Amino acid sequence: MFVFKASSMLSRSKAAARSQSIRFFAAASGNPPPAEGFMAGVATSKFIKSTKEQCLSHLELAAVRNSETVKMNYFTAVNDALATALATDEKAVIFGEDVGFGGVFRCTIGLAEKFGKDRVFNMPLTEQGIIGFGIGMAAVGHTPIAEIQFADYVFPAFDQIVNEAAKYRYRSGNEFNVGGLTIRMPCNAVGHGALYHSQSPEAYFAHTPGLKIVYPRSPIQAKGFLLAAIRDPNPVLVMEPKILYRSAVEQVPVDDYVLPLGKAEVVKEGKDLTVVGWGAQLYVLENAVQEAEKRMPGLSVEIIDLRSILPWDRETVEKSVNKTGRLLIAHEAPHTGGFGGEIAATIQERCFLKLEAPISRVCGWDTPFPLVFEKFYIPGMIRCMDEIEKVMNY
């Protein structure tokens, strides 16, 4: 059993860390952060592939092992994936609010000029109409790629997604489907988004059979998972953490490739505790684990990027928890009804006799997403580190 005893020195250092780390979002310089925010620490993350060799050594990229790579940020990788989809599928179209102009986050910039305004075009400000239009296009064999400008705006389209798109194949006995539909939506906290530009609605849709949900954390994943989503024979929701659009930069293969939907990734191996997250939360957990391992000599934490919410990779998480005996899950969405609860329940059923401590969750609070109190709302590095200590001392 791993035991860690706090000291007065630790308490003082923790207080100092709190004052320095409470600012989860920061500008790269003295200038205000860009509209999509800036996430400090991503550039130095060990999860970022900053060289061609690091990029192409990944086993999931074996098919493009001989590809050239280009330095891209997250939104540029999304743009590259969209351009690849349009170039390789003549039935692919992109539409949404302002996408014909490049989109508010520039993810579609240049595509209308390159592929034509009949394939990349603006839609009226009606999310229900955007998704309904996409369902209709997919039903007659097209490959519609719809953008919801902010994930917070998706709720007027909720009925279209969960009652039409998700059930289209089932209700016809597989005679027809809308599997060509892909829905992109920027999500998560941004530093100044408040109630209507910060939400993480993945759990609402995870309750719906017939959908797939993926959560890329980096430019390599943004391109590979978006192309996989577009080509998957099911409607797929692609959740893009908008704080990473400019913050996450790495070498990305130029060639066409896809990454496997429904498969988690162990990004750091360990033996004492399993930590699970997805999207931008991975970088928070990385920093929390690094600090915890400094403060608790001998501690070894395993970090898993879930990547896909639906279907999610139970086997990878189960295997890890059977080894470590402890599990901590972190996500920005509120605690009650968050997807972390589904993971906790499943692992408790499968790994009960191996657990050394109760499964723990670090989540957003059960309140509307605040503006001035955002730094206290999100599951930041300090909250995650405190929970690691709590789980290890149980």
Side-chain angles (χ1 to χ4, degrees), residues 1-22 24 41 45-47 264-306 312-333 335 338-365 376-394:
M1 169 96 42
F2 187 97
V3 179
F4 171 69
K5 295 183 178 179
S7 65
S8 58
M9 182 178 295
L10 173 59
S11 300
R12 289 194 296 271
S13 64
K14 181 179 291 185
R18 286 182 188 277
S19 64
Q20 295 174 13
S21 303
I22 196 69
F24 179 81
S45 170
K46 294 181 180 179
F47 303 156
E265 179 184 8
V266 179
V267 293
K268 177 185 179 299
E269 294 188 352
K271 59 181 178 62
D272 299 314
L273 168 66
T274 299
V275 171
V276 175
W278 48 88
Q281 192 65 30
L282 261 291
Y283 303 105
V284 179
L285 291 171
E286 179 186 27
N287 291 331
V289 167
Q290 287 175 353
E291 186 65 23
E293 289 181 338
K294 288 179 184 176
R295 297 182 176 198
M296 304 181 226
L299 176 64
S300 173
V301 179
E302 184 147 296
I303 304 177
I304 296 177
D305 180 1
L306 197 64
W312 68 281
D313 188 352
R314 297 166 174 80
E315 290 73 22
T316 294
V317 179
E318 178 183 359
K319 179 180 178 181
S320 177
V321 175
N322 278 331
K323 175 178 64 174
T324 66
R326 300 174 178 87
L327 174 62
L328 184 151
I329 308 153
H331 57 68
E332 286 188 19
H335 184 277
F339 194 70
E342 174 65 24
I343 299 172
T346 301
I347 296 304
Q348 189 271 345
E349 291 171 357
R350 295 187 174 208
C351 306
F352 180 73
L353 296 179
K354 294 293 184 68
L355 290 174
E356 299 287 346
I359 297 172
S360 180
R361 287 181 284 164
V362 188
C363 311
W365 303 113
F376 302 98
Y377 177 90
I378 58 174
M381 189 269 279
I382 297 297
R383 281 180 61 195
C384 291
M385 186 179 63
D386 285 348
E387 198 65 21
I388 291 173
E389 177 182 327
K390 177 182 175 181
V391 172
M392 295 311 303
N393 281 330
Y394 178 81

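Worth saying up front: this structure is predicted, and the values here are computed from it rather than measured.
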### Message
Does atom CD (Glu315) have a neighbourhood of more than 12 heavy atoms from anything else shown, all under 6.0 Å?
### Response
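Enclosed: over 12 neighbouring heavy atoms sit under 6.0 Å from CD of Glu315.
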Would you say that [X] contacts [Y] through its side chain, given a criterion of any heavy-atom pair below 4.5 Å between the two side chains?
| X | Y | result |
| --- | --- | --- |
| Pro379 | Glu332 | yes |
| Ser320 | Val266 | no |
| Thr346 | Trp312 | yes |
| Asp386 | Val362 | no |
| Arg295 | Met385 | yes |

### Task
Before accepting this row, confirm whether a basic side-chain N of the pair Glu293/Lys268 lies closer than 4.0 Å to the acidic partner's carboxylate O.
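Judged by the 4.0 Å cut-off on N to carboxylate O distance, Glu293 and Lys268 do form a salt bridge.
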Interatomic spacing from [atom1] in [X] to [atom2] in [Y] - rounded to 0.5 Å:
| X | Y | atom1 | atom2 | value |
| --- | --- | --- | --- | --- |
| Thr274 | Lys323 | OG1 | NZ | 7.0 Å |
| Cys384 | Asn287 | SG | CG | 10.0 Å |
| Arg383 | Cys363 | CZ | SG | 7.5 Å |
| Met381 | Glu286 | CE | CD | 11.5 Å |
| Asp272 | Ile388 | CG | CD1 | 11.5 Å |
| Trp278 | Ile329 | CH2 | CD1 | 7.0 Å |

### Query
Can you name the closest pair of heavy atoms from Ala264 and Ile304 and give their distance?
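For Ala264 and Ile304, the tightest heavy-atom pair comes out as CB-CG2, 3.9 Å.
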### Query
Of all heavy-atom pairs between Gly340 and His331, which one has the smallest distance, and what is that distance?
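Scanning both residues, the minimum pair turns out to be N-NE2, 3.2 Å.
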### Message
Suppose we screen for side chain to side chain donor-acceptor pair (under 3.5 Å). Which residues come up paired with Thr316, at least two apart in sequence or across chains?
### Response
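Partners of Thr316 under the side chain to side chain donor-acceptor pair (under 3.5 Å) test: Lys263, Asp313.
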### Task
Under the side-chain hydrogen bond (donor to acceptor under 3.5 Å, both in side chains) rule, what do Thr324 and Glu302 come out as? Steps first, then yes or no, please.
CA-CA 8 Å; Thr324 66; Glu302 184 147 296; over 6 Å; no
